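Throughout, a chain's letter reflects where its sequence line sits, starting with A, and its residues are numbered from 1. Worth saying up front: this structure is predicted, and the values here are computed from it rather than measured.
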Amino acid sequence: MGAAHGLGDAGVRHAPGRLGMTESVSGEDGATTLRTHRCGSLRSANVGAAVRLGGWVHGKRNLGGLVFLDLRDRDGLVQVSFDPALVDESTRDLAASVGKESVVLVEGDVVARPPAGRNPELATGEVEVKARSLRVIGPAVTPAIPVARAKGEALPAEELRLRHRYLDLRRPELQHNLILRHRLMQTTRQFLGAQGFLEIETPILTKPTPEGARDYLVPSRVHPGAFYALPQSPQLYKQLLMVSGFDRYFQIARCFRDEDLRADRQPEFTQIDIEASFVGPEDIYRVAEGLIVALWKEGGRDIARPFPRMRYEDAMERYGCDRPDLRYGLELFDATELFRSTDLGIARAAIDAGGRVRGVRVPGGGALSRKQVDELEVLAKGAGAGGLLRLKRDGAQWSGPVAKYLGAGAAEQIGMADGDLALFVAAPDRIANPALDRVRQELARVMQLVRGEALCFLWVTDFPLFERDADSGALGAVHHPFTSPHEDDLAMLDTEPWRARAQAYDVVLNGTEVGGGSIRIHDPELQRRVFGLLGIDDATAQRRFGFLLEGLRAGAPPHGGIAFGFDRIAMLLAGAPSLRDVIAYPKTTTANALFEGAPGAVPDEDLRELRLRRVDTTSKE
RNA sequence: GGGGCUGUAGCUCAGCUUGGUUAGAGUGCCGGUCUGUCACACCGGAGGUCGCGGGUUCGAGCCCCGUCAGCCCCGCCA
């Protein structure tokens, strides 16, 4: 945080290629008929120039005879001085009386500041503008929330920041975030365009799909009682573009899902959507890695490729998670054999029921307090585990509830060194995996195992094609119903389809999924079989996805693709704590738009035209 | 659908544990002094539906119930 009124990011500002200064966006200087430069772009090289500036009054210092204004625009701040020797009294009085956040036009001369008067915390701190004239052309009422903040001053409540978004967006931090977002979009277009990908837009008003997330619905006026849906993704459209022969497609696509929000989840969000024909997974990996390298480079980070890969099966076994954070170790291991012959009831019961005992070795974990381990157990239980078994080594001493059940030498087999801790969950994998995953992540946090700014990218491959509902046994698609089975597992579709792998893959960064995709089914018969396994009969498939099946029958090339969460990437590269900080006008956790007040009521006559009627929902069901 | 945290001056917060005089601080805002500040400094002033509704009580910012909003999490997100 820079000193000057929280203008911020002083360290970043001077790092070449990082911050969205004029030069790095498009090379223009902002000159118009009303101004010659942007305020924040002035440097020592401009000394001697007569300039006209337009900007917002960021701060004001009135020393009596001498008045300073800090003038701000998207490039930054510059100090403007009103010296009684150079301006008449009325101009100086105007400068002294202008309200913060007013828009003014200033004419003046760029001068070098005397050495003692320089401000090293300001990019323009070597110079100032000595004003000759001032016009207040956009007077501002006192801002409801501060734009300029003192060092260490807290942000206003997020509710107010969203309500007065036009003010919040004036803050240099958010200006930086949106400028970065712009640059990432340009990088995407440039990179994919150069690879022969065509940017093609697909409809926003689409056909409702009962599968997957809830749709946002739009009533049709021309077809009373019928609805469009806003797209959850352009999936089917892009597959049909492949059928049409466009070969390589991309879109920076807005997508909509009517589900509950999180800090990293908005009801409308942006994906980099990619699809290509005559490809296998390797082709997608190559393009995706190239794009990611380009995006992170634009964000100021160099990353190595190719990314390491891990099969889904191995990720679950070693980390209990399909998007493991590889910035730290703490791999899981199987201790079933150690416990099989013991009298430890919990372990025996779990093993007899077909489960396993798996655990995590924690080097130096003996230093954790009883309370800290108790808290880990709370997390494990919250994730569904019955408990967390503890074993601790202190010199030659073994302690913890598990110690006395293990035979001689058993503890050594676990490979624990002096001062180590081991934590076990005895349960079937579907319970142990999420529990150990939580424990592992919390251990990394508590023990501060993540240091520096490591970027651990990873491909997770060979996801299962289906997941089985724990109660009904019904199959659901892990990725989506159009995902191609692994060619080696096609035979399993008739015998044990739940074991079949998919040609599906995710890109994971530090435990966060940044993208995912698959090779699609291009054979209409195979697509019908997969629909069938998913419980979608021919008639239903025809009704919902007839246009896809029809397209596949019209001569479909093998194709596949991937989609990246663009907002999430922007958030990561901006170092922002929330998706809301990289979206100009985001929604709240109840999907409200506080600034413009959406969603809103509509007049009854509009509803009549749509053949809709308001229904009283006050009585709870 | 469920759980947690928060809501007091324009903004950020204290006051709530243990109900009791006129609800405070910093900042911002308004007025004044000040010619090199950059969190300018100094002097003075205005500014409150304690989110909203109900209840308990002689008395509620504080206790209870409900409700609204924001944030975080679980479910959900093919």
Side-chain angles (χ1 to χ4, degrees), chain A residues 1-7 58-70 77-86 92 96-97 99-101 113-114 116-122 124-125 128 130 141-164 167 209-215 232-233 235-236 255-267 269 379 382-384 434 438 465-467 475-483 502 504 513 516 518 530-531 534 536 544-545 565 577-578 580 587-590 592 594 620-621:
Chain A
M1 189 62 38
H5 313 263
L7 182 67
H58 187 76
K60 184 169 67 179
R61 291 172 296 282
N62 181 359
L63 274 57
L66 187 60
V67 176
F68 295 103
L69 294 186
D70 288 329
L77 280 188
V78 71
Q79 171 168 282
V80 180
S81 66
F82 292 82
D83 187 330
L86 295 170
R92 198 157 39 90
S97 65
K100 280 189 186 177
E101 295 306 318
R113 297 199 198 185
R118 290 177 189 159
N119 185 345
E121 292 175 331
L122 215 53
T124 62
E128 71 174 17
K130 284 207 174 289
V141 296
T142 302
I145 57 171
V147 175
R149 283 184 305 144
K151 277 178 198 165
E153 184 178 338
L155 283 172
E158 188 145 17
E159 181 177 358
L160 296 167
R161 291 177 47 202
L162 294 174
R163 205 174 287 285
H164 308 285
L167 289 174
T209 54
E211 281 77 21
R214 263 188 294 273
D215 284 327
Q232 297 179 29
S233 89
Q235 182 61 35
L236 298 181
C255 305
F256 306 84
R257 290 178 191 174
D258 188 6
E259 296 292 347
D260 286 351
L261 280 67
R262 292 282 191 280
D264 60 351
R265 213 192 287 166
Q266 282 276 310
F269 59 98
L379 284 176
R438 286 299 305 275
L465 188 60
F466 301 113
E467 57 194 347
L475 296 181
V478 167
H479 187 51
H480 57 51
F482 321 110
T483 303
E513 181 196 333
S518 64
V530 169
F531 280 152
L534 289 166
I536 303 171
R544 292 182 191 164
F545 307 115
S578 164
R580 294 184 292 272
K587 304 284 190 285
T588 69
T589 43
T590 51
N592 281 317
L594 296 182
K620 294 215 166 180
E621 297 182 18

Student: Does B:rG70 have OP1 or OP2 sitting under 4.0 Å from an N or O in the side chain of A:Thr588?
Tutor: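 Result: yes.
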Student: If the P atom of B:rU17 is compared with that of B:rC64, how far apart are they to the nearest Å?
Tutor: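 Going atom to atom, P in each nucleotide, I get 10 Å.
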Student: If I pick the P atom on B:rG24 and the same atom on B:rU6, what distance separates them, to the nearest angstrom?
Tutor: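 The same atom, P, in both gives a distance of 24 Å.
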Student: Judged by modelled atom types alone, do A:Thr590 and A:Asn592 share a side-chain donor-acceptor pair under 3.5 Å?
Tutor: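 Result is yes, a qualifying pair exists.
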Student: Angle class for the A:Phe531/A:Phe545 ring planes (parallel below 30°, perpendicular above 60°, tilted otherwise)?
Tutor: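 Parallel.
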Student: Step through the shown structure and confirm whether more than 12 heavy atoms of other residues, nucleotides or ligands are within 6.0 Å of CZ on A:Arg92.
Tutor: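 Atom CZ in A:Arg92 is packed in, count exceeds 12.
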Student: Taking donor-acceptor contacts at under 3.5 Å, does the side chain of A:Lys587 reach the base of B:rG70?
Tutor: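 No pair found.
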Student: Reckon A:Leu534 touches a base, only the sugar-phosphate, or nothing at all at heavy-atom distances under 4.0 Å?
Tutor: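 No contact.
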Student: Within less than 4.0 Å of OP1 or OP2 of B:rA78, is there a side-chain N or O belonging to A:Arg257?
Tutor: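 Yes, such a contact exists.
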Student: Per the atom types in the model, does the base of B:rG36 pair as donor or acceptor with the side chain of A:Glu128 at under 3.5 Å?
Tutor: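 Indeed there is one.
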Student: Determine the Euclidean distance between corresponding P atoms of B:rG66 and B:rG4; express it in Å to zero decimal places.
Tutor: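 Approximately 12 Å lies between the P atom of B:rG4 and that of B:rG66.
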Student: Ignoring hydrogens and geometry beyond distance, is the side chain of A:Arg149 in donor-acceptor contact with the base of B:rC11 at under 3.5 Å?
Tutor: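 Side chain to base: no pair present.
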Student: Hey, does the side chain of A:Thr589 come within less than 4.0 Å of B:rC71's phosphate (OP1/OP2), counting only N and O?
Tutor: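 Affirmative; the distance criterion is met.
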Student: Taking the C1' atom of each, how far is B:rG19 from B:rG55, in whole Å?
Tutor: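 Each nucleotide's C1' atom is 15 Å from the other's.
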Student: At under 4.0 Å, does any side-chain N or O of A:Arg544 touch on OP1 or OP2 of B:rA78?
Tutor: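 No.
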Student: Using the P atoms only, state how far B:rC58 lies from B:rA69, rounded to an integer number of Å.
Tutor: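 Per the computed distance, 35 Å lies between those P atoms.
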Student: Tell me whether the OP1 or OP2 atom of B:rA69 has a side-chain N or O from A:Arg163 closer than 4.0 Å.
Tutor: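 It does not, given that no N or O in the side chain of A:Arg163 lies less than 4.0 Å from OP1 or OP2 of B:rA69.
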Student: If you find the nucleotide of RNA chain B closest to A:Pro156 and the one closest to A:Arg265, which residue's nucleotide is nearer the 5' end?
Tutor: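 First, find each residue's nearest nucleotide; the 5'-ward one identifies A:Pro156.
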Student: Taking only the side-chain heavy atoms of A:Phe68 (C-beta and beyond), determine which of B:rG70, B:rC72, B:rG36 contains the nearest atom.
Tutor: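 The listed nucleotide nearest to A:Phe68's side chain is B:rG36.
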Student: Can you see if the side chain of A:Ser81 gets near the phosphate of B:rG36 - specifically, an N or O under 4.0 Å from OP1 or OP2?
Tutor: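 For A:Ser81, the contact criterion (side-chain N or O under 4.0 Å from OP1 or OP2 of B:rG36) is not met.
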Student: So, OP1 or OP2 of B:rG70: does either fall under 4.0 Å of a side-chain N or O from A:Asn592?
Tutor: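 A:Asn592 to B:rG70 OP1/OP2: side-chain N or O found under 4.0 Å.
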Student: What about A:Gln79, does its side chain sit under 3.5 Å from the base of B:rU37 through a donor-acceptor pair?
Tutor: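 For A:Gln79, whose side chain was compared with the base of B:rU37, there is a donor-acceptor pair (under 3.5 Å).
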Student: Is A:Arg61 near enough to B:rU37 that one of its side-chain N or O atoms lies under 4.0 angstrom from OP1 or OP2?
Tutor: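 So the side-chain polar atoms of A:Arg61 never come under 4.0 Å of the phosphate oxygens OP1 or OP2 of B:rU37.
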Student: Taking atom P in both B:rG70 and B:rG75, compute the distance separating them and give it to the nearest angstrom.
Tutor: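 Here B:rG70 and B:rG75 have their P atoms 22 Å from each other.
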Student: Using a heavy-atom cut-off of 4.0 Å across all strands, would you classify A:Val478 as base, sugar-phosphate, or nothing?
Tutor: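 Sugar-phosphate: the residue A:Val478, judged by heavy atoms under 4.0 Å, touches backbone atoms but no base.
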